[in-house]
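Labels below follow one simple rule: chain letters A, B, ... track the order of the sequence lines, proteins then strands, and each chain is numbered from 1. Please read these numbers as outputs of a predicted model, since none were measured by experiment.
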Number of protein chains: 2
Amino acid sequence: MDYLENIQAQVRKGILEFAILIIIKGGEIYANGIIKKLKKTDLIVVEGTLYPLLSRLKRNELVEYVWKESKSGPPRKYYKLTKKGAEFLDVLEESWGSLYKSINSLIKDHEKSN
Amino acid sequence: MDYLENIQAQVRKGILEFAILIIIKGGEIYANGIIKKLKKTDLIVVEGTLYPLLSRLKRNELVEYVWKESKSGPPRKYYKLTKKGAEFLDVLEESWGSLYKSINSLIKDHEKSN
DNA sequence: TAGCGACCCTTGCATTGCAAGGTACTGTGT
DNA sequence: ACACAGTACCTTGCAATGCAAGGGTCGCTA
């Protein structure tokens, strides 16, 4: 992959789990639903990324799921946040905010020195 | 490493190259100077991360360096942005802005559905 | 029963942050 | 002159993880 695109991709990667936790917090949802929601933003995710990621979240008890039948195919795993997941997401939102401030202060620093 | 800390670390990782480009744009600087500047923000970087990263930036012609002697040790590589690097940084700043909007719209989405 | 789409998941590769270790230059103390 | 400490640059090996590619199962429809 082109190096420049790759750098942009990395920024997105870094916040993937964060974004997915936010989406799950929005209400019970299954994998393809998450992918569709992410596509509406700048974030893109494919199955090969999402399934292992959801497994990690599950293994660490940030999310849990229930099987639900579908009208058009096999049953789906609907995910929702656990209490622990919700608490952690609060922490993440806070550090996201402070990270944003850090970056902006770097940008401003440089503007001053011009 | 603890999984929860790891997720936070990933967010920082993603924007590392971005942050470093911003710092270099601020004026000629060498490796330890970059590390010190990053420490002032939430971002932490060690040598084993920074040197390969600077090499990648150099290899892709986003930065260039000149050797300068030091009063207290061996000579240092002072980095600065190339024209290409400055142009790319503008692009990065823009996508950083749009990414921020995306995340915030996700957060708002979820607040609505409460 | 054959085909298809929707789901779920796994394997192998490439990238990359980081811990740990290595080399080289400069000044200082003896 | 020699050893040592401090500073600087760099490399090696490991672990995490996004992604492409491929595979299996379920339920509907022809």
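Of the residues Leu89(B), Leu62(B), Leu81(B), the one that meets the side-chain contact (heavy atoms from CB on, under 4.5 Å) test with Ile24(B) is Leu81(B).
Among dC8(C), dC9(D), dG5(C), the nucleotide with an atom closest to any side-chain atom of Ala31(A) is dC8(C). Of the candidates dC8(C), dA8(D), dG17(C), the closest approach to any side-chain atom of Arg76(A) belongs to dC8(C). The nucleotide whose nearest atom lies closest to any side-chain atom of Val45(A) is, among dA8(D), dC7(C), dC19(D), dC19(D). Of the candidate nucleotides dC18(C), dG17(C), dG18(D), dC18(C) has the atom lying nearest to any side-chain atom of Val46(B). The side chain of Pro75(B) has dC25(C) as its nearest neighbour among dC25(C), dG17(C), dC10(D). The side chain of Asn6(B) approaches dT17(D) more closely than any other nucleotide in the set dC8(C), dT17(D), dG6(D).
Rounded to whole angstrom, the span from the CG atom of Leu38(B) across to the P atom of dG17(C) amounts to 12 Å. Tyr78(A) has its OH atom 14 Å from the P atom of dA6(C), to the nearest Å. Distance Leu53(A) CG to dA16(D) P: 15 Å, rounded to the nearest Å. Taking atom NZ on Lys68(B) and atom P on dT26(C), their separation rounds to 18 Å, with Å as the unit. A straight line from CZ of Arg59(A) to C1' of dC9(C) spans 13 Å, rounded to a whole angstrom. Summarising the geometry, the separation between OH on Tyr30(A) and P on dC8(C) is reported as 7 Å, rounded to the nearest angstrom. The nearest whole Å value for the distance from the NZ atom in Lys13(B) to the P atom in dC18(C) is 6 Å. Rounded to whole angstrom, the span from the NZ atom of Lys77(A) across to the C1' atom of dC26(D) amounts to 15 Å.
Aromatic ring centroids of Tyr65(B) and Tyr79(B) lie under 6.0 Å apart.
In Lys84(B), the NZ atom is crowded: over 12 heavy atoms of neighbouring residues, nucleotides or ligands sit closer than 6.0 Å.
At least one test fails for Lys77(B) against the ring of Tyr30(B): distance under 6.0 Å to the centre or angle within 45° of the axis.
Across all strands, Ser72(B) comes closer than 4.0 Å only to sugar-phosphate atoms, never to a base (heavy-atom distances). If you check every strand for non-hydrogen atoms under 4.0 Å, Gln10(A) touches sugar and phosphate atoms only.
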Pair Leu57(A)-Ile20(A), side chain to side chain contact (heavy atoms under 4.5 Å, CB included): steps then yes or no: CA-CA 10 Å; Leu57(A) 293 177; Ile20(A) 287 171; 4.2 Å; yes

Full working for side chain to side chain contact (heavy atoms under 4.5 Å, CB included) between Glu87(B) and Val91(B): CA-CA 7 Å; Glu87(B) 287 168 2; Val91(B) 176; over 6 Å; no

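No hydrogens or angles were tested; on distance alone, nothing pairs the side chain of Glu47(B) with the base of dC18(C) as donor and acceptor under 3.5 Å.
Remark on DNA chain C: of its neighbouring residues Ser70(A) and Gly48(A), the 5'-side contact belongs to Ser70(A), judged by nearest-heavy-atom nucleotide. Residues Tyr79(B) and Pro74(B) both approach DNA chain D. Their nearest nucleotides, taken by heavy-atom distance, put Pro74(B) toward the 5′ side. Checking Thr49(A) against Gly73(A), the closest nucleotide of DNA chain D that is more toward the 5' end is the one next to Thr49(A).
Contact annotation: Tyr51(B) side-chain N/O to dT11(D) OP1/OP2 distance is not under 4.0 Å.
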